[in-house]
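See structure below.
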Amino acid sequence: MMRLRSLLFVPASRPERFGKAVAASADAVVLDLEDAVAPQDKESARDAIRRWASPQRPVMLRINASATPWHAADLELAALPGISTVMLAKAERGDELTALADAGAAAVIPLVETAAGLAAAGELAQQPGVLRLAFGSLDFQLDLGMRDAADEDLYHYRCQLVLASRLAGIGAPIDGVTTALHDTPRLQADVARGRRLGFGGKLCIHPRQVATVNAGFTPSTQDLDWARRVIAAASESALAVVDGKMVDRPVILSARSILRDAGEVDSGE
């Protein structure tokens with residue numbers, strides 16, 4: 001399964017930044033045709049994508065919501081060589097994702113940014129071609145009329161995305177952005193919260209956020225050491241003990257999950 005810890009947005013109207021974004025070591029770069037591009041710049045941004053897109057540097061593409069006047073023109077870019085995945089803003093219905101597949105999108109990430117989108121999360125997650133769900137937390141708060149929401153105020157909604165993803169058998173969802181660009185402790189706390197809740201990655205709005213996000217969604221050295229010892233012990237004995245604790249099936253599955261997150265494959269799979 002594709003490793004998606006960090007997804008870095010770059011405005012599609014700023015082609016001079018595309019190469020810098022690719023060099024930022026994010027797991028995916030997202031050329032953004034939605035909020036980052038003014039209405040009068042949408043067409044020139046599409047032209048910039050057509051000129052720059054290449055299979056040698058695959059990127060994702062965020063397109064405008066299906067209800068907007070720019071959506072149809074955005075769809076024409078879905079099948080461009082070099083566009084690996086299309087991210088649909090304000091996704092709310094399964095047929096919207098079917099239209100993306102019909103337009104040639106190789107893979108899709110629905111952005112859940114509204115009450116209707118959250119209510120349809122299970123349907124969205126089960127559509128063919130969907131890699132992950134992503135949480136557009138800022139627009140979501142606007143849609144629900146939430147003001148000055150604290151982290152815990154969104155726990156319930158985040159957990160619904162984790163549950164919908166698990167039931168659909170797709171990868172763990174992608175958490176929303178942290179707008180505090182210079183507050184590393186805040187970013188680290190947001191990443192840690194996402195991991196606790198079951199998210200597998202995070203949307204980034206600046207290259208300086210990538211390293212922190214990647215580190216936060218990568219198992220630590222201690223985690224990896226524990227996981228390797230668990231797998232090794234389980235392969236030697238049906239009644240293994242590691243660090244004074246019995247190694248049963250849930251422990252083994254946890255160890256395997258850690259190894260998968262690190263890009264390793266254990267001997268039990």
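Using a 4.5 Å cut-off on side-chain heavy atoms (C-beta onward), Ile258 and Leu224 make contact. Residues Ile231 and Arg256 form a side-chain contact, since some pair of their non-hydrogen atoms from C-beta on lies under 4.5 Å apart. Within the 4.5 Å cutoff, the side chain of Ile63 has heavy atoms near those of the Leu88 side chain. With contacts defined as side-chain heavy-atom distances shorter than 4.5 Å, the pair Val251/Trp226 qualifies. The closest side-chain heavy-atom distance from Val112 to Gln160 is not below 4.5 Å. Put simply, the side chain of Gln141 does not reach to within 4.5 Å of the side chain of Tyr157, judged on heavy atoms. Between Leu31 and Val10, some side-chain heavy-atom pair lies under the 4.5 Å cut-off.
The ring-ring contact (aromatic ring centres under 6.0 Å, His included) check on Phe18 picks up Trp52, with sequence neighbours excluded. Contacts of Glu16 classified as salt bridge (charged side-chain N to carboxylate O under 4.0 Å, His left out), with partners at least two apart in sequence or in another chain: Arg14. Not counting sequence neighbours, the partners of Glu43 by the side chain to side chain contact (heavy atoms under 4.5 Å, CB included) test are Arg46, Asp47, Arg50. With sequence neighbours left out, Asp153 forms a salt bridge (charged side-chain N to carboxylate O under 4.0 Å, His left out) with no residue at all.
Note that CD1 of Ile109 is 11.5 Å distant from CG of Leu97, once rounded to the nearest 0.5 Å. With rounding to the nearest 0.5 angstrom, the CZ atom of Arg186 is 5.5 Å from the CG atom of Asp151. Here the straight-line distance linking atom CG of Leu4 with atom CZ of Phe217 works out to 11.5 Å at 0.5 Å rounding. The line from CD1 of Ile174 to CZ of Phe199 is 9.0 Å long, rounded to the nearest 0.5 Å. With rounding to the nearest 0.5 angstrom, the CE atom of Met87 is 5.0 Å from the CG atom of Leu7. Leu61 CG to Leu80 CG: the interatomic distance, rounded to the nearest 0.5 Å, is 8.0 Å.
Both Phe9 and Leu181 are assigned to one and the same hydrophobic cluster, defined by single-linkage of ILVMFWY side chains at heavy-atom distances under 4.5 Å. One hydrophobic cluster, built from ILVMFWY side chains closer than 4.5 Å, cannot hold both Leu197 and Leu163; they sit in different ones. Hydrophobic clustering, with ILVMFWY side chains joined whenever heavy atoms are under 4.5 angstrom apart, keeps Leu167 apart from Val162. Met60 and Leu111 fall within the same hydrophobic cluster, where Ile, Leu, Val, Met, Phe, Trp and Tyr residues are linked whenever their side-chain heavy atoms come under 4.5 Å apart, directly or through other members. Cluster membership for Phe135 and Met146, using ILVMFWY side-chain heavy atoms within less than 4.5 angstrom, is shared.
With hydrogens and angles ignored, the 3.5 Å screen pairs no side-chain donor or acceptor of Glu92 with any backbone N or O of Ala116. No donor-acceptor pair under 3.5 Å is formed between the side chain of Thr212 and the backbone N or O of Gln209. In this structure a side-chain-to-backbone donor-acceptor pair under 3.5 Å is present from Asn64 to Leu33. In this structure, the side chain of Ser165 engages the main chain of Leu161 through a donor-acceptor pair within 3.5 Å. With hydrogens and angles disregarded, a donor-acceptor distance shorter than 3.5 Å links the side chain of Ser84 to the backbone of Val59. Checking side-chain atoms of Glu96 against main-chain N and O of Arg93 turns up a donor-acceptor pair under 3.5 Å.
Every pair passing side chain to side chain donor-acceptor pair (under 3.5 Å) that includes a residue from residues 166-178 is listed here, sequence neighbours excluded: Arg158-Asp175, Asp175-Arg193, Thr178-Asp190, Thr178-Lys202. Among residue pairs with one or both ends in residues 24-35, those qualifying as side chain to side chain donor-acceptor pair (under 3.5 Å) are Arg5-Asp27, Asp32-Arg62, Glu34-Arg62, Glu34-Lys90; sequence neighbours excluded.
Minimum heavy-atom separation, Ala24 to Val210: O-CG1, 3.4 Å. Here the shortest heavy-atom pairing between Leu133 and Ala121 reads CD1-O, 4.0 Å. Taking each heavy atom of Ala227 and Ala255 in turn, the nearest pair found is CB-O, 3.6 Å. For the pair Pro81 and Pro55, the tightest heavy-atom approach, listed with the atom from each and the gap, is CB-CG, 3.7 Å. Taking all atoms of both residues into account, the shortest heavy-atom contact from Arg195 to Gly216 is CD-O, 2.6 Å. In plain terms, the two heavy atoms of Ala168 and Gln126 that are nearest each other are CB-CG, 3.6 Å.
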Verdict with reasoning, Val29 to Arg57, per side chain to side chain contact (heavy atoms under 4.5 Å, CB included) | CA-CA 10 Å; Val29 168; Arg57 51 188 182 220; over 6 Å; no
If you apply the rule side chain to side chain contact (heavy atoms under 4.5 Å, CB included), what do you find for Leu124 with Val130, and how did you get there? CA-CA 8 Å; Leu124 298 175; Val130 171; 5.9 Å; no
If you apply the rule side chain to side chain contact (heavy atoms under 4.5 Å, CB included), what do you find for Ile83 with Leu77, and how did you get there? CA-CA 8 Å; Ile83 301 300; Leu77 304 181; 5.6 Å; no
Subject >> Step-by-step side chain to side chain contact (heavy atoms under 4.5 Å, CB included) determination, Val22 to Leu8 >> reply: CA-CA 9 Å; Val22 171; Leu8 176 61; over 6 Å; no
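Using a 4.0 Å cut-off between charged side-chain N and carboxylate O, Asp243 and Arg229 make a salt bridge.
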